[in-house]
Amino acid sequence: MTQRTEWHDYFMRIAEEVATRGTCDRRRVGALIVRDRMILSTGYNGSVRGMPHCDEAGHMMEDDHCVATIHAEANAILQAARNGVRIEGAEIYTTASPCWNCFKMITNAGITRIYYGAFYRERRIFEVAERLGIELIDLSAGRDDLREERD
């Protein structure tokens with residue numbers, strides 16, 4: 001009998017695939033909004049609609065950070081809004097922990113649990129998440145074995 005992939009691994013693998021669509025080569029991030037084990041929305045980091053991509057035109061740098069792109073988490077929330085999908089009470093899987101701005105959007109969108117891969121820059125999200133009762137769950141432990149299986 002074939003062993004089925006555990007749900008968190010399944011969703012994180014999909015988020016990793018979504019990240020391959022990212023258009024900023026400094027870091028490709030994917031995000032997946034899920035409720036009741038159903039995918040509601042996806043997003044990856046990319047340029048403002050209609051603008052050239054970083055991969056094509058270069059980066060717009062501020063404080064050692066490319067600000068030309070909209071982050072994956074924000075794009076997943078925006079995609080849900082464009083399609084009229086209610087995400088309150090959902091969970092988000094993202095290949096990197098959210099930056100401060102994305103964390104604020106996730107919180108105000110009513111997402112209650114954040115699963116993330118690699119840590120990315122912002123430590124204050126952990127303190128604020130605890131105060132607000134939002135779960136931040138690091139799925140990076142043990143993920144190296146899964147990546148090696150797929151290579």
Side-chain angles (χ1 to χ4, degrees), residues 6-35 37 39-49 51-83 85-148 150:
E6 191 271 329
W7 285 107
H8 296 308
D9 291 333
Y10 172 72
F11 290 130
M12 191 56 81
R13 284 179 178 181
I14 294 171
E16 289 168 353
E17 187 63 30
V18 170
T20 67
R21 294 282 306 150
T23 61
C24 183
D25 56 8
R26 288 181 48 85
R27 177 172 228 144
R28 287 182 167 78
V29 177
L32 197 70
I33 299 175
V34 175
R35 184 176 40 241
R37 297 182 179 161
I39 298 169
L40 303 176
S41 183
T42 65
Y44 53 86
N45 56 328
S47 295
V48 173
R49 194 178 294 270
M51 296 294 292
H53 298 293
C54 296
D55 290 357
E56 302 162 347
H59 304 283
M60 184 186 307
M61 299 300 293
E62 289 180 13
D63 299 324
D64 195 37
H65 187 72
C66 182
V67 296
T69 62
I70 298 174
H71 288 187
E73 303 92 331
N75 270 328
I77 291 167
L78 290 168
Q79 182 188 59
R82 283 179 59 106
N83 291 316
V85 176
R86 186 171 175 263
I87 59 173
E88 185 175 8
E91 305 172 334
I92 191 166
Y93 288 79
T94 181
T95 58
S97 60
C99 71
W100 178 240
N101 285 329
C102 287
F103 176 78
K104 292 185 294 184
M105 282 188 268
I106 290 166
T107 300
N108 277 11
I111 293 171
T112 57
R113 190 172 293 133
I114 302 166
Y115 296 97
Y116 66 93
F119 171 75
Y120 177 71
R121 293 184 183 227
E122 194 59 63
R123 297 215 175 272
R124 73 178 135 181
I125 65 172
F126 298 100
E127 176 189 328
V128 176
E130 187 174 332
R131 283 193 347 212
L132 297 174
I134 294 172
E135 292 182 74
L136 271 163
I137 301 158
D138 182 354
L139 294 180
S140 64
R143 298 278 312 152
D144 291 337
D145 294 341
L146 292 172
R147 284 189 191 99
E148 287 173 15
R150 285 177 275 156

Spell out, as yes or no, whether a donor-acceptor pair under 3.5 Å connects the side chain of Gln79 to the backbone of Thr42.
-> yes
Backbone of Gly117 reached by a side-chain donor or acceptor of Thr95 within 3.5 Å | no
Working for side-chain contact (heavy atoms from CB on, under 4.5 Å), residues Phe11 and Ile39 = CA-CA 9 Å; Phe11 290 130; Ile39 298 169; 3.9 Å; yes
Derivation of the side-chain contact (heavy atoms from CB on, under 4.5 Å) call for Thr94 and Tyr115 = CA-CA 6 Å; Thr94 181; Tyr115 296 97; over 6 Å; no
Could you grab the distance from atom [atom1] of [X] to atom [atom2] of [Y], nearest 0.5 Å is fine?
| X | Y | atom1 | atom2 | result |
| --- | --- | --- | --- | --- |
| His8 | Leu139 | NE2 | CG | 6.5 Å |
| Arg35 | Arg86 | CZ | CZ | 6.0 Å |
| Thr23 | Tyr44 | OG1 | OH | 7.0 Å |
| Ile70 | Leu78 | CD1 | CG | 6.5 Å |
| Glu135 | Ile111 | CD | CD1 | 13.5 Å |
| Met12 | Leu32 | CE | CG | 9.0 Å |

With side chains defined as the heavy atoms from C-beta onward, is the minimum distance between [X] and [Y] less than 4.5 Å?
| X | Y | result |
| --- | --- | --- |
| Glu17 | Arg13 | no |
| His71 | Val29 | no |
| Asp25 | His59 | yes |
| Tyr116 | Asp138 | yes |
| Phe119 | Phe126 | yes |
| Asp55 | Arg28 | yes |

Side chains of residues 96-106: which donor-acceptor partners sit under 3.5 Å, not counting sequence neighbours?
unit_1: Ser97; atom_1: OG; unit_2: Tyr120; atom_2: N; d: 2.7
unit_1: Asn101; atom_1: OD1; unit_2: Lys104; atom_2: NZ; d: 3.3

Looking only at non-hydrogen atoms, find the nearest pair between [X] and [Y] and report the distance.
| X | Y | answer |
| --- | --- | --- |
| Ile77 | Ala109 | CD1-CB, 4.3 Å |
| Ala68 | Cys54 | CB-SG, 3.9 Å |
| Ala31 | Ile92 | CB-CD1, 4.2 Å |
| Ile125 | Leu136 | O-CD1, 3.6 Å |
| Ile33 | Ala90 | CG2-CB, 3.7 Å |
| Arg124 | Glu122 | NE-OE2, 2.7 Å |

Within 6.0 angstrom of [X] [atom1], more than 12 heavy atoms from elsewhere:
| X | atom1 | value |
| --- | --- | --- |
| Met61 | CE | yes |
| Glu56 | CD | yes |
| Arg26 | CZ | yes |

Might you work through the side-chain contact (heavy atoms from CB on, under 4.5 Å) test for Asn75 and Asn45, ending with a clear yes or no?
-> CA-CA 7 Å; Asn75 270 328; Asn45 56 328; 5.8 Å; no
Applying side-chain contact (heavy atoms from CB on, under 4.5 Å), run through Asn83 and Ser41 and close with a yes or a no.
-> CA-CA 9 Å; Asn83 291 316; Ser41 183; over 6 Å; no
